[in-house]
J.: 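Please read through the structure below; I'll follow up with questions.
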Amino acid sequence: MVRSGRWNRGGWGLAAVLLSSLLWVCNAAAAPQPVRDYLLLGGATDEPTPHRACEAYMLRGQRQQLDIPAPEGGWSGQPQALDVFNVFAGEVSIRHGDREICGNMGDARTRDSRFRAGIGMVTVPRAGSREPIHVSWATPLKERWGPTLRLGAPSPVQQRDTARLLVRTACVAVALALALSSLMGFFTSRDRIFLMYIGACAVFVLWQAVLGGLSGYPEPWFPIGVDSAWWLVGLTACAQAVLLPMLWRLNAGHRAWPRSRGVVSAVSCALFAVALLVPWMDWTLLGWTSDVLEAAHFAGCAAALLAGVWAWSRNDRWASIGLVALAPFLVMIVADLARAQWLLAHRVEALQLAVTWLLMMAAYALNQRLGNLREQRDEMRQLADTDALTGLPNRRAGLRELGVQIERARAEGAPLVIGFLDIDLFKEINDRHGHDTGDAVLQAVAGALRGALRGRDEVFRMGGEEFLLLLPGAPRDVAAARLQQVGRRITEAGVALQVDGLALTASIGLAQWRPDHDDLAALLRRADHAMYGAKRAGRDRVMDGEQLDAVRPL
C-alpha cells in the first residue's frame with residue numbers, strides 16, 4: 001500500500017508538471033511576439049535582366065520566321081508578353097524595336113527567367129506603334145513539329161508557362177519515383193524484370209528531359225549544346241526501343257503470337273542501332289529518320305491494339321491493363337491524323353503524360369506479378385511444410401513450431417506439454433487390410449486429431465504413423481485429460497471406417513518442458529520414451545514421461 005501511494009503521488013506530480021508546461025506554451029504562443037528569426041540569402045546585384053544577344057553564328061542554317069502584326073489602331077502601350085514553346089531544336093530569336101534576344105531549350109541561362117518552359121520576352125511597345133514583333137526559329141525536322149507561340153498580358157502568359165513546367169517536371173518526378181519503387185521490388189523478389197523496368201524509366205527520364213527542355217533547367221545538367229535535334233532523335237529511338245516491346249507485352253502480344261519474341265527483340269535492337277547511328281546523320285537524313293520513328297510508333301501501337309483486343313476477347317484479364325496503357329497513344333495518333341490544334345499546343349505535355357501513364361500501368365502489372373510471385377512462394381512453402389496424405393503440417397513444420405513454443409514458454413513462464421502419438425500395430429493393419437486402408441487410417445487419425453485439438457498448428461505428422469501434439473499453456477493434468485480424449489477420438493474414427501476386424505488405437509507419450517533441463521531434442525526424447533513406455537504397458541493409453549522416470553529402477 002505504501003509503495004502504491006508513492007507511485008500515485010509521483011504520478012500526480014508528473015501530471016502537474018506536464019500541465020503547467022502545456023499552459024505556459026499555450027500562453028507564449030497566444031502572446032504577440034516580435035519577429036526575431038529570419039534568413040536572408042544572396043545580396044544586391046547590378047546584373048541586368050538575363051537574356052542573350054543574337055549572334056550571327058546562332059542563326060545560321062535554314063530558318064523560319066513570323067512577323068506578329070500590331071492590332072488595328074496600333075499597340076495599346078501596355079506590356080506585351082510573347083512565349084515561344086514546343087521548340088525541339090536550335091535557337092529562337094525574338095525582336096521588337098531595339099530589343100532582340102536569343103535562347104534555346106538546352107540552356108535555361110540563355111532565356112528570360114520569367115519564362116520557364118519556353119523562350120519569351122516582355123516588351124512595351126509605344127502606344128499607337130505598328131511595328132511588328134519578329135520571331136524566327138530553326139526549320140523543324142518534320143511538318144507540324146514547329147513551335148507554338150502565345151501572345152498576351154505578361155501575367156497569364158507566364159502563369160501558363162509555369163504550368164507547363166510543372167506538368168513536365170511532375171512527369172519526370174513520377175518516373176523517378178516508379179524507378180525507386182521498382183528497385184525495392186527487385187530487392188524483395190530478385191526478379192530481373194524489375195531491373196529492366198528501372199532501365200526503361202531511366203531512358204524515359206532522359207528523353208523527357210531533352211524533349212521538354214528540363215535538361216537545361218535551371219542550368220544544363222545534361223549538356224546537349226547545339227546538338228539538341230540529334231540528341232532528341234537518338235533518345236526517341238531509344239524510347240521507342242523500350243516503349244514498343246512494353247506495349248506489346250502489356251497487351252499480351254507474346255501470348256497472341258508466341259513466336260513474336262524474336263521479332264520484337266529484333267525491332268528493339270534495330271531501334272537501338274538507329275540511335276547509335278544518329279550522331280553521323282546530316283540534317284536531311286535526321287528528318288527522314290524522325291519520320292521513320294513516327295511510322296514505327298504508329299505501326300507498333302496498331303499491332304499492340306490488335307493483340308490486346310484479341311486477348312481481351314479471350315477473357316485475358318492482363319489485356320485490359322495493356323489496352324488502358326495504350327489508350328493515350330491512340331488518342332494522340334487520332335488527334336495527329338485529324339490535325340487537332342490542342343495537340344500542336346500541348347504536344348510535349350501530351351507525350352510526357354502518355355509515357356507516364358504507360359509507366360504507371362507497367363508498374364501496376366509489375367506489382368501484380370510481385371503479388372503472384374509471393375502467392376507462389378507461399379504455396380511452395382505451404383507444400384514444403386505440409387504432409388500430402390493427411391494435410392497436416394509435416395515434421396519440418398512441427399520442429400519449427402515446437403522451437404517457437406519453447407521460446408514463448410520461456411519468455412512467458414507458461415507451461416508447455418507435448419504428446420508423441422504412435423498408431424498401434426499399424427504395420428499389421430497394412431499387411432492385413434492393404435495400404436489403401438492404411439492410408440485411410442492415417443487420414444482418419446489426422447481428422448480426429450484436428451477435431452480434438454484447437455488449431456492446425458498443434459498437430460503434426462512426424463513421419464509414418466507418428467504424430468506430434470502441442471498443448472501450450474495447458475497444465476499437466478489438463479493436457480493428460482485432453483490426450484486421453486484424443487485416444488478415444490481415434491478409436492471412434494476407426495469404428496467409423498467400417499473395416500471388418502479393424503481395431504484402431506494409439507499409444508501416446510506425454511512430456512512437459514522443464515526450463516532448466518530441456519532443450520528441443522531432450523523434450524522430444526522424453527516424449528518418445530514415454531510413448532514406448534505406453535506400448536510396453538499394453539498400448540491404447542497415455543503415459544506420463546515423469547511418472548515413467550519416477551518408477552524407473554536406479
Side-chain angles (χ1 to χ4, degrees), residues 375-409 416-427 429-430 433-474 478-497 499 502 504-511 513 520-521 523-528 530-532 534-535 539-543:
E375 289 180 3
Q376 293 174 5
R377 180 192 62 191
D378 293 341
E379 290 175 359
M380 293 178 63
R381 182 179 298 171
Q382 183 70 21
L383 290 174
D385 290 346
T386 302
D387 176 62
L389 178 62
T390 63
L392 293 176
N394 58 19
R395 179 184 183 88
R396 172 183 171 182
L399 295 178
R400 184 174 62 245
E401 181 62 22
L402 179 56
V404 170
Q405 294 296 342
I406 288 176
E407 292 302 320
R408 183 176 300 169
L416 172 62
V417 176
I418 69 170
F420 204 84
L421 182 150
D422 185 272
I423 301 174
D424 292 331
L425 304 175
F426 183 72
K427 183 177 183 302
I429 293 174
N430 272 330
H433 301 284
H435 289 282
D436 290 341
T437 300
D439 291 345
V441 165
L442 290 172
Q443 292 171 344
V445 170
L449 294 177
R450 278 193 293 260
L453 298 181
R454 290 177 298 180
R456 182 178 182 272
D457 292 338
E458 295 181 350
V459 184
F460 307 87
R461 185 184 178 194
M462 301 297 283
E465 66 273 22
E466 295 180 340
F467 297 83
L468 174 65
L469 314 176
L470 304 184
L471 295 91
V478 174
R482 290 180 64 187
L483 292 177
Q484 293 287 355
Q485 183 183 10
V486 166
R488 291 191 293 270
R489 289 283 188 93
I490 289 175
T491 301
E492 294 170 359
V495 175
L497 289 175
V499 177
L502 176 64
L504 186 58
T505 61
S507 299
I508 305 174
L510 180 152
W513 178 65
L520 186 149
L523 181 61
L524 280 176
R525 281 197 302 269
R526 290 199 300 114
D528 182 68
M531 181 269 292
Y532 280 107
K535 287 186 174 295
R539 304 186 184 91
D540 189 19
R541 67 191 65 215
V542 176
M543 179 66 70

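The first residue in the sequence is number 1, and the count goes up from there.
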J.: Under a 4.5 Å cut-off applied to non-hydrogen side-chain atoms, are Pro393 and Arg400 in contact?
T.: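 Result no, sub-4.5 Å side-chain heavy-atom pair not found.
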J.: Can you confirm whether Val478 sits close enough to Leu471 that some side-chain heavy atom of one is under 4.5 Å from a side-chain heavy atom of the other?
T.: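 No, side chains not in contact.
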J.: Would you say the side chain of Phe467 lies within less than 4.5 Å of the side chain of Leu392, judging by non-hydrogen atoms?
T.: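 Result yes, sub-4.5 Å side-chain heavy-atom pair found.
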J.: Are Phe420 and Ile508 close enough that some pair of their side-chain heavy atoms sits under 4.5 Å apart?
T.: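 Phe420 vs Ile508: side chains apart.
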J.: Looking at every heavy atom in both Ala448 and Ala493, which two are closest together, and how far apart are they?
T.: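 Smallest heavy-atom distance, with atoms named: CB-CB, 4.2 Å.
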J.: Checking side-chain contact (heavy atoms from CB on, under 4.5 Å) for the pair Arg395/Leu468: CA distance, chi angles, key distance, verdict?
T.: CA-CA 8 Å; Arg395 179 184 183 88; Leu468 174 65; over 6 Å; no
J.: Check step by step if side-chain contact (heavy atoms from CB on, under 4.5 Å) holds for Leu470 and Glu401.
T.: CA-CA 9 Å; Leu470 304 184; Glu401 181 62 22; 3.7 Å; yes
J.: Any non-hydrogen side-chain atom of Leu504 less than 4.5 Å from a side-chain atom of Thr491?
T.: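 Result no, sub-4.5 Å side-chain heavy-atom pair not found.
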J.: Looking at Asp424 and Asp540, what are the two nearest heavy atoms and their distance?
T.: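 Of all heavy-atom pairs spanning Asp424 and Asp540, the closest is OD2-N, 3.1 Å.
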J.: Quick one: side chain to side chain donor-acceptor pair (under 3.5 Å) partners of Asp528, sequence neighbours excluded?
T.: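 With sequence neighbours excluded, Asp528 shows a side chain to side chain donor-acceptor pair (under 3.5 Å) to no residue whatsoever.
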J.: Holding to side-chain contact (heavy atoms from CB on, under 4.5 Å), I want the full list of residues that pass it with Asp422, two or more places apart in sequence or in another chain.
T.: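 Applying side-chain contact (heavy atoms from CB on, under 4.5 Å) to Asp422 gives Glu465, Glu466, Met531, Lys535.
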J.: Measuring from Leu520:CG to Glu407:CD, what's the distance to the nearest 0.5 Å?
T.: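 CD of Glu407 is found 9.5 Å from CG of Leu520.
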J.: For Pro472 and Glu458, work out which heavy atoms get closest and say how close.
T.: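 For Pro472 versus Glu458, the nearest heavy atoms are CD-OE2, 4.0 Å.
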J.: Give me the atom names and distance for the closest heavy-atom approach of Leu421 to Val486.
T.: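 Heavy-atom minimum between the residues: CD1-CG1, 3.9 Å.
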J.: Quick check: do Leu523 and Ile406 have side-chain heavy atoms less than 4.5 Å from each other?
T.: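 Leu523 vs Ile406: side chains touch.
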J.: Which pair of heavy atoms, one from Ile490 and one from Ala506, lies closest together, and at what distance?
T.: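 Where Ile490 meets Ala506 most closely, the heavy atoms are CD1-CB, 3.8 Å.
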J.: Which heavy atom of Ala446 sits nearest to which heavy atom of Thr390, and what is that distance?
T.: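 Result for this residue pair: CB-CB, 3.7 Å.
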J.: Does any part of the side chain of Ile418, heavy atoms only, come nearer than 4.5 Å to the side chain of Trp513, both counted from C-beta?
T.: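 Side chain of Trp513 against side chain of Ile418, heavy atoms only: no contact under 4.5 Å found.
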J.: Taking the side chain as every heavy atom from C-beta outward, state whether Arg461 and Leu442 have any pair of such atoms under 4.5 Å apart.
T.: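 They are in contact (side-chain heavy atoms under 4.5 Å apart), so the answer is yes.
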J.: Tell me, with the steps shown, if Leu510 and Val417 meet side-chain contact (heavy atoms from CB on, under 4.5 Å).
T.: CA-CA 7 Å; Leu510 180 152; Val417 176; 3.7 Å; yes
J.: Rounded to the nearest 0.5 Å, what's the gap from CD on Glu492 to CG on Leu497? Could you check?
T.: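 Rounded to the nearest 0.5 Å, the CD-CG separation comes out at 12.5 Å.
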J.: Are the side chain of Arg541 and the backbone N or O of Ser507 linked by a donor-acceptor pair below 3.5 Å?
T.: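 It does not hold such a pair.
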